[in-house]
Every structure is written in structure tokens, then in C-alpha cells.
2 protein chains.
Amino acid sequence: MSRKPTMEDVKNLAGVSISTVSRVINGTRKVSPDKTEAVNKAIAKLGYKPNELARSLVMKRSNTLGIILDDIGYSYMAQYLRGIDEIGKMYKYDILLYSTFGSFEIQKKAVDFLSSKQVEGIIVISEKINNEILYLIKEHDIPYILLDTFYSPDEFKTVSIDFKKAMSDMTEFMIENGHENIAYLREKTAFHSSESKESGYIEATENHKLDNWVFGVNNDTVEAGYKFLEKNYNKLKKNDVTAIIAESDNLAVGILHYCYDNNINIPEEFSVSGFGNSDISELIKPSLTSVRLPYYDIGAIAVRILVKILRDKEEFNESINLNHEIMKRETIKKIK
Amino acid sequence: MSRKPTMEDVKNLAGVSISTVSRVINGTRKVSPDKTEAVNKAIAKLGYKPNELARSLVMKRSNTLGIILDDIGYSYMAQYLRGIDEIGKMYKYDILLYSTFGSFEIQKKAVDFLSSKQVEGIIVISEKINNEILYLIKEHDIPYILLDTFYSPDEFKTVSIDFKKAMSDMTEFMIENGHENIAYLREKTAFHSSESKESGYIEATENHKLDNWVFGVNNDTVEAGYKFLEKNYNKLKKNDVTAIIAESDNLAVGILHYCYDNNINIPEEFSVSGFGNSDISELIKPSLTSVRLPYYDIGAIAVRILVKILRDKEEFNESINLNHEIMKRETIKKIK
DNA sequence: TTGAAAGCGGTACCAG
DNA sequence: CTGGTACCGCTTTCAA
């Protein structure tokens, strides 16, 4: 097998200088038609492809975007990545992935690594981010953008959705449907998004002068949702609660499972909502009302912004929020 | 902002030659303790990180594995990627992703691109693969491995599972549970995996001298499964069918939905099984019996093999099959 | 052990 | 318009 052809080979075959070869490849300057053709023929004949590594080395550009994320296994990550990938490709950028499994240590390694690969921009997708890593990115002087996070929105750039507004909207939606005693189920670990959501619920209920009941569980799992209702069913009934807003689809599914096992009719006894619009919300029976988050769009916009920063050397300092959408399904019933 | 430090800077600060710097970084040769220390100090002080691009250029190694896949949006892709990523990282390989959205044209571009980035190996994850692209990879002389595919297993390397055996096992399982009239639902588009699965069903039923009923639908969707049962319910009952094996979870979920809507009790009237063990299979009520595919392991093993090829220049010519697992859940009932 | 110097495959500036 | 050449940052002979 013969070694990959280089510009040297093209130059020899075409009988021109190496600079000329470079010129016709990049269209940097005018080259006479005959030489252009000679070069193109040689390229075709040899099947020459420029070595991007060498090119990046001298240009100090790699046409690559680095993505740092916690775990590719999270189902919504794929949606982010689609947005990033698709739009990135439109601008000729490719994707270098780095999973950190939530470890700050690995996050730092990721930055160093991506930087050494000379990525032109970095997108960090993580709720639990450490400011060290952000400063590290800044130090490397590489443009970046944050997704899925609430960390210091003032100081760091982020594209996200307004979780508080989203949950407030969901609560309003329950109220519009006639519910006045609405319970709220959240996970206790204090991530910002979780707190924002709760505050949205609180705000909406208070605006309508309704009581509010916040219940906390320890994990964002189906089991936790199940146990919650098992434990609190009587209490909810005693207080005439007719709707339960869960801060996640997992929790909501747990609630639905408990109802299924105990012949509690949904939505007759309770209207239930989740959050995230995961696949299951549409497929479970009864199908679950949820809040759709525009992951794809967030990824897409993040890339657009990054590209803009790269192209125009323009700063990006506002945090952008995208719109959520309430997906009404069978678990909601209008009462009164 | 000061430019990134290079070996030149380290050399100056440490007062040694640039070769020496390289040596202590790579441990290529013995270097006297004092110089070693001087270099290390300089590196630490400057925060020097080697430029991987330059390194790759001269070494002709990039420590990067290229992944070509159809669409990162497919839910099981994430599991493949986790396996690849996690094991890849163990061997210091990083991941360059390329989505092709099933287009052969883009697949070819992907190969060229990855090659120009000097990836050391390529993993192709796609059911619909074109042999052109395989020859293209061969031409580039870069080691590769195929996943999720059945294409020419003799000529090309692949890690997969034995779909035929898997479906035959599922059928046997139904038979063990006393079912003698078992319907089979497949998608008509003729991918290899689909055909293999069907042949597994046929084989098992024939081994037990049972009748077999194969139904075909046009899409692998929940709706298709739903419509299938809607159309064939009476026919199934007339033939005393007590079990339905669907070739995918989607189809099976559609069946479950139809039953839910029409008060057909599962598993009393029908035992139902899906394939793929998607998230929904565990979360739907009744939970769906399915076949778990070891995506993570497939990815992990693929990387191991690739690394072995890279390290030992060893050929890999057998196709490896990994074990599936039948996940028994509520949709199955023992009869008789 | 150590340093000088020749590349790896390109780009871009400088003359001509 | 075209060719020569320095250089991007690093590894690796080859001598010393």
C-alpha cells in the first residue's frame, strides 16, 4: 500500500510549485487556468486529500468544536448533540466529544485535552459545573458556551430555558383546569434547576392565593415517585388535592405506577404532570402531560452563537432562554 | 493574554535543549535527574501542555478513534457510545463523532474527514452500510470495525449479537410457558436483522412442530403495532393464539396500547414480547418482556479489538457475537 | 546523556 | 501570477 499522497506529490505530478498547489486548493489567489487544471488533475489522479492536522497546526484553526458533557447516556444528551452536530456541520465544524461522568477532575482534563487538540470552541453541557473549569477555559482563551446549567448566569454565557417560568406555566395550566389544591413533588438535592422550578410553582400558587404543598424525595427516580404517593396518598386526599405536579417525568411515572397498582384512576382522582417530555411520557398509559424542553434548539443556537463569536470575535454576554412547551396529554382533567 | 507556551519556552526556562524537553515529557530516553527536574519545574511554572496536533503530525498517531454513525438520536446509540468512550478512555483514545443520517454520500465524506484527522481506527455503527465505504476505509488503510450491521460478515469485521438465536430463544421461552399458538410480528423492510429474527422464530416453532403465523407491517412504530392488532384481533382469537412476539419494542408497545384502549387484559388474553429492552419496556404497564441487547458491551469490545489491532498489528477476522438476555416482565403468563 | 538539525504536511509572506 | 522559503510545535536520528 502506498503512502498517502501529499502536496509534494501533487506538485511533482502537476509540475508546479508547492505554493501554487496550495493556492488552487484554497482559492487564496488567482492561478492561471492551465496550472489550475494541471493541479486539479493531479489531485484527482492521486486521490489527494489535505492533511487537516498539518493545516490546523499552521492555521491554528481546527474546524472542530469540543463538547464536554457528563454522560452521553442521559437520554436528552442525544438531542443536544443532534442540534450541535447538525448546525455545526452547516458551518463545517466537527465534533470532538469528552464525557466526564460528572467528575470535576475529568472536566479539567477535558479542557486541557480539547485545548491541545486546538478546538476552536467548547460547549459544556452539565448541570453540576465547577467554576474552576470555566476559568480554565478562559485561561486557554477559547470561546465557550454553557448549556444545561445555572451557574453564575451573570458572569458566564449560557443558553437554557427559563425553568421557573416553565413550572409556573405548568402550575397556571393546572389552575386553569380548575385545580385549587395542587401538590408539588421535587427532588431534594439542590440543583439550581430544581430550585427554579419550585419557585415557579410557589409563585403561581401564591399569585392565585392558593395553598401550596411541596414534597421532597431523595432521588429523581420512578421508585421515589412511587413511594411518595404510597406514603402520602391519604394526606393528599384529606386535603382535597386534585393535582400533582412532579418536577420530572421519572417522578411522575412513579406516581402513575402507584395508581396503576392500586386502581387509582388517573386523571379522575388526580391530574398529574411531569417535566422533560421524555419518550415515556408519550408512550405510557395514560399518557403523561409534561413540559417539552427544546434541547435540539438549544444545541443548535449554542453552535450559532459560538460560530458568531469565532467569526466576528464578538462577545456574547447575555444569557438566552428558549421557549418551553406544555404537552397536554391524558393525565390532565378539567374539573369544575 | 500570552500565547500558549511551547517546548521552546520550556527549553529556555529550563536551560536545556529542546530534545531534552521532549525526552523528559515522553520518557523516551534517560535524562539526568537535575535536568529532568529543571524541565519539570519549567513545565509546571509555564503550565505547558504539549500540542497534540503537532505531535500527531509527526508521530502519525492521533490517539483518536473515529465513530461513524447514522444518527445520534437513536436511543441505543448512546449506549454504544458509552461503551466505546469508556473503554477508549482507558486506552487513552478519544472520540471523533460523525453522523451521516444514513446517507452513503455523507458516509464517504466521513471516512475522508476522519482519515484527514488521522484517526487511528474507525468504528462504523450502521445497519444500512454500503460496501463502497468499507473499501474506502480499507483504501485509507485504517483499521476499522463494524457494529449494528449484518453486511458481509465473512469479509468484514463485526461485533454484534446473534439475532436469530435471540429470537429463537424468545420463542422457546414462550413455548416453555405453555404457548402453542404464537404469532410473530415483523416489519417488512428487509434488513438483515429483521430476517434473522424471523428465521429464529420459524426455527423454534418448527422444532416444536407448532404452527407459525408471521404478520408484517410497514414501519417499526407504535402505531403500526396498534393497527396490526386492531386489524387482526379476531383472526388471532379464532386461531387460539395466546402469545404475540413482536420483533421490536415499538411494535409491542403498540399492541399493548391497543389492548389498553380496548380492555384486553394482558397477559391474560395474550402474552406479549418485544425486542431491544428499551427504557419504555420497563416503565410501561404492564411492563414488557423483551430481549436485552448488550450495546454497551458491544461498544466496549469493539474498542478492545480495535486497540488490539492497533497495538499488535494483528488481524481480526472472526465476527464476534455477544449474548443477549431475555428480560421477563409482566406481559408474559404461564398457561397450562 | 545531550544538542543540532532534519523533517511531518501545510500556509503565507516575499521577491521576481 | 508564480516559486522559494521560513515556520507551526513536536519527535527523532545522528554526532558529539
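Not measured: the values here are computed from a predicted model. Each chain gets a letter, A, B and so on, in the order its sequence line appears, and its residues count up from 1.
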* Would you indicate whether B:Lys89, at its atom NZ, is surrounded by more than 12 heavy atoms from other residues, nucleotides or ligands within a distance under 6.0 Å? => yes

* What residues in residues 109-117 of chain A put a non-hydrogen atom under 4.0 Å from any atom of DNA chain D? -> none

Is there a donor-acceptor contact under 3.5 Å linking the side chains of [X] and [Y]?
X	Y	result
B:Asp70	B:Ser126	yes
B:Tyr98	B:Gln107	no
B:Ser56	A:Lys117	no

* **Set of residues satisfying side-chain contact (heavy atoms from CB on, under 4.5 Å) with respect to B:Glu120, sequence neighbours excluded** => B:Arg61, B:Ser62, B:Asn63, B:Tyr93, B:Leu310

Tell me, please, which residues at least two apart from [X] pass side chain to side chain donor-acceptor pair (under 3.5 Å).
X	answer
B:Arg23	none
A:Glu8	none
B:Thr20	B:Ser17
B:Ser22	B:Asn26

* Asked: How would you list, by chain and number, every residue that makes a ring-ring contact (aromatic ring centres under 6.0 Å, His included) with B:Tyr295, sequence neighbours excluded?
  -> B:Tyr76, B:Tyr80

* Does any residue of residues 15-27 of chain A have a heavy atom under 4.0 Å from DNA chain C, and if so, which ones, in number order? -> A:Ser19, A:Ser22, A:Arg23, A:Asn26

* To do: Go through residues 29-52 of chain A and report each residue with a non-hydrogen atom lying under 4.0 Å from DNA chain C, sorted by number.
  => A:Tyr48, A:Lys49, A:Pro50, A:Asn51

* Structure fact -> DNA chain D: first to last nucleotide in contact with chain B (atom under 4.0 angstrom from a heavy atom), 5' to 3', is D:dG9 to D:dT13

* To do: Give the angle between the helix axes at the two ends of the helix from C:dT1-D:dA16 to C:dG16-D:dC1, taking five base pairs at each end and rounding to 10°.
  => 40°

* To do: Heavy atoms of chain B, cut-off under 4.0 Å: which first and last nucleotide of DNA chain C, 5' to 3', fall inside that, if you could look?
  => C:dT1 to C:dG9

* Is B:Lys109 salt-bridged to B:Glu105, cutoff N-O under 4.0 Å? -> no

